Structure formats: structure tokens, C-alpha cells
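Take a look at the structure set out below.
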Number of protein chains: 2
Amino acid sequence: MPTKKYHHGDLKNALIQAGVKILSKDGVGGLSLRKVAKEAGVSHAAPYAHFADKQALIAAISTEGHKKIYEKISRAMEKHPADPLRQFVETAWAYVEFGLEEPDHFRITFSGAVEQERDYPALVEMTRKNFGLVRQLVARCQEAGILEPGEADLVAVGVWGLVHGFVSLIQQGQVSHSVLDHYTRREMLIFILNQITRVRMDPREFANL
Amino acid sequence: MPTKKYHHGDLKNALIQAGVKILSKDGVGGLSLRKVAKEAGVSHAAPYAHFADKQALIAAISTEGHKKIYEKISRAMEKHPADPLRQFVETAWAYVEFGLEEPDHFRITFSGAVEQERDYPALVEMTRKNFGLVRQLVARCQEAGILEPGEADLVAVGVWGLVHGFVSLIQQGQVSHSVLDHYTRREMLIFILNQITRVRMDPREFANL
DNA sequence: GTATTATCTTGACGGTGTCAAGATTTGACC
DNA sequence: GGTCAAATCTTGACACCGTCAAGATAATAC
């Protein structure tokens, strides 16, 4: 963390947090640089001392999103250090939770609002870190016979896509009522995870672990 | 129709097409109502005769995206009417192709830029139609023993998410070079599809069908 | 042929991203 | 401690944006 400085102190982080707050209040469409500045108590052009443009702020907010995901899923993985299957389920569920608790932060993090991701090394590094965690979990599950063997990179892409697609469809309300009435979200997740695992979990049983 | 008249004739569709063109030229961030109007050769407020606001135009552009996907995947399914496995592969590949050929149209279609989807019945209907097609294909594959049995709705969510996640990660350039150098995109797709199918396809073989 | 309606233009408003110029504070160096 | 350059923030301006109101024009219904 940058040490306490002059006028504001730690405006850069304050702007990111203000952005997260506005996202949860006004949604992705309501996020503007001027509103973020006002929320942080500075003038409308102050952010330009810390961010080159709006894209750069969004990139920082996305990085913050990936950080939260990293914390959530690494905590989830620590819950059952010796049980890859439960690690798998808990990690996936942690990801889903973030998507449901902070939908707009989740959305802006993955919506491709950052057009040239490679211009933001911190963001690239953070996504790499998250992907590495998933890849590592996938490899462990493959060793344990829970997932099919094969190139762990690609299997990880598949797993991530599966869970991410699930969150997206829930967010957009595209899951039919006939399904929603019969299963909890967690049961639905386990149902979907069953598609790619070699073991078969009973949704009702695993939802309560 | 061609020459300039006070009344355009078919401005509504012209605006949608202008929007698609601008998307491919300037990306999602460069899409504005005024630019779309100019591209279509009308004044800056003319779109308001056909769209309530920018959201409504984006919803129409998203609907157009779903239409293109519908055409592509239904054509793909017709290629091998009696072979569910090939139908499955070709349909997924058609989806990937659209994402790679028109990345920004693909992105705006699924980025949640339309905040309240339910306000746009045509869009809801079109997504429902596409999902129905996938669901139908999934059911057929389940009957043929290619996919695990179970609630077809949820299996379809999984399949869609898997393929969609694959496109997203490719678009963002997050697939490692070590993988990109060894496999074509189509081989990578088949690799991923193997994760959820009960049959095992050889990527090298199936990539050339 | 006239009246009504749909379509399009013009002009205006507040909000937005961004830059330039200037004010203020900090930290480093003597 | 005093001086100065760099970092930080404010103010003001500009072009662009989404949106609305008022009016002009064309198509259509009668």
C-alpha cells in the first residue's frame, strides 16, 4: 500500500472502492469517472493523476474483482485440503457466490469492457494467478481420478467456462422456472459439475456439505 | 429505396446494420447513437422514431446477433442430420466461428449491455429459440448415448457455458502459447468437448471432418 | 383533396471523457 | 531550514454523447 501522502492520502485505492460502490448502486451503465470522483470527494479531473483514462480505472476495478475471486476461491480450497472433490465443489461455489453477491462487479470484470487487456499488466497478472489456481486444482483432480486426464490448461478452460456460463445464465434469468422451483442454486451447480466429473455426486447430498 | 429521400424506407433495419458495421470498425466502446445515425445517413435524432433509447438499439443489435447464430448453428445441424455426434461438433464450431469472425458483435450480444432483457420481447424470444435448439440437440445426444442423461435444460447450460467460455478466453488471448502452438482452434474445441461427452474423439481426426 | 399519422430535422439541455493551465503539497537535496 | 522539482489536485474549457421538444415533410387513410 502506498504510504499516506498529501491531499487525499490514498486516492487511487479510494477511487477503485468508490467505483465498486457505484457499480453495486447504479450498475455498469451508471459508472462514470465524474461520479467516482465525487464519491471519493475530489474534483472531476482528479482521477487523471492516477489513471490514464476511464479504461485504466475499469481495468483496476476488474483487477480488484479478480483479487476478490482469488481470496474467495483460495479460502474455499483450504477448507478441505485433502479432499479434491470437495475442493472442486467449494471452489466452484465460491465463484458462483461472487457472481450472485456482486453481479455488476462480476459483470464488468468479465464483460471485456477492458478492450486491450495486455495494456494493464496488473490485470493480466491477476487473471493469470486465478487461472493458475484453477489449473492446479484441475491437475489435482485429474490425479485423483475425479476429472478426465489430458492437457490441464484446456480442461481448466472447460471447467471455468462451465461455471462462468452457469453464473451468466442465472444472472440473466434464463433458467426456466421449472428448474428453479425444484433445485437450489447449489444443487444446480452440482448437477452441472456432474457433467464433467468422472464421479457422480448426488446434488441433494453434496449441497449440504 | 436506394436514392436519398426524406423518408428512408427501412431505416430501422438500416440502423441495426449500421450498428453492426460500426461495431466491427470501432468496437463496443465506439458505438454511439449519433454515429449510427450518420452512418445510415440521417440526422442525429432520427433513430428515436424507431428506438426508445440506446438500450433499445443495442437490444436490436443483440437480437440480430442471436439471429446470425441461429442461422449458423441450424445450418451446421443440417449438415449431418443422422449423426448426433457430428451435429454436436459442427454446432459448437459454428458458434465459435461467429465469436471469432465478429468478436465485437458477439461481445455486445452477450456482455449484458442490455440491462433489462425482459423489456425486449424479440430478444427474449430469440435467445429462447437458440437455447431451445441447443436443448434439442442435447436431448438427441443423450438418447444416442453421447452425453450423460439428466435434466436436459441444465446439461444445455453446461454445454453452452463450456463453448462460450472457450470463445471468451480465446478472444481475450488467455490461452497459453504452449497450447496455441500445438493445436488448431478446432482441435482445441474438440479437446474441450471431450470433457463432457461419453465418447472420446481424437482431435486430429475430428478436426478434419 | 384534405386530414391524420408516421417519419425525419433542427436546436437545445445536462452529462461525460479528456486535456491544458494553474494552484497546492510533498519530498529530496543542499 | 530553505529551495526547488515533481507529484497531486482544482478549475475551466472543449467536443461528443443521449435525450427531448418543436417543427417540417412525406406517406397514408378517408
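Given the structure is predicted, the values throughout are model-derived calculations rather than measurements. Naming convention: chains lettered A, B, ... in sequence-line order (proteins, then strands); numbering from 1 in each chain.
In this view, A/H66 and A/F110 satisfy the ring-ring contact (aromatic ring centres under 6.0 Å, His included) rule, not counting sequence neighbours. For A/R34, the side-chain hydrogen bond (donor to acceptor under 3.5 Å, both in side chains) test picks out no residue, with sequence neighbours left out. Remark: A/A45 engages no residue in a side chain to side chain contact (heavy atoms under 4.5 Å, CB included) (not counting sequence neighbours). For A/K129, there are no salt bridge (Lys or Arg N to Asp or Glu O under 4.0 Å) partners at least two apart in sequence or on another chain. Residues meeting the ring-ring contact (aromatic ring centres under 6.0 Å, His included) test with B/F98, sequence neighbours left out: B/H105. In terms of the side chain to side chain contact (heavy atoms under 4.5 Å, CB included) criterion, residue partners of A/D104 (sequence neighbours excluded) are, by chain and number, A/L23, A/V28, A/R107.
Remark: A/H50 is not in phosphate contact with D/dA7, judged by side-chain N or O atoms under 4.0 Å from OP1 or OP2.
Heavy-atom neighbours of B/K25 NZ from other residues, nucleotides or ligands within 6.0 Å: above the threshold of 12.
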Footprint string (nucleotides 13-20 of chain C, 5' to 3'): B base within contact, S backbone only, - free, heavy atoms under 4.0 Å: ---BBBB-

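Contacts of residues 10-29 of chain B with DNA chain C (heavy atom under 4.0 Å): B/L11.
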For residues 186-193 of chain B, dump all side-chain donor-acceptor pairs below 3.5 Å to protein atoms at least two apart in sequence or in another chain.
from	atom 1	to	atom 2	distance (Å)
B/R186	NE	B/A207	O	3.2
B/R186	NH2	B/E90	OE2	2.8
B/R186	NH2	B/L209	O	3.3
B/E187	OE1	B/T184	N	3.0
B/E187	OE1	B/R204	NH2	2.8
B/E187	OE2	B/R204	NE	2.9

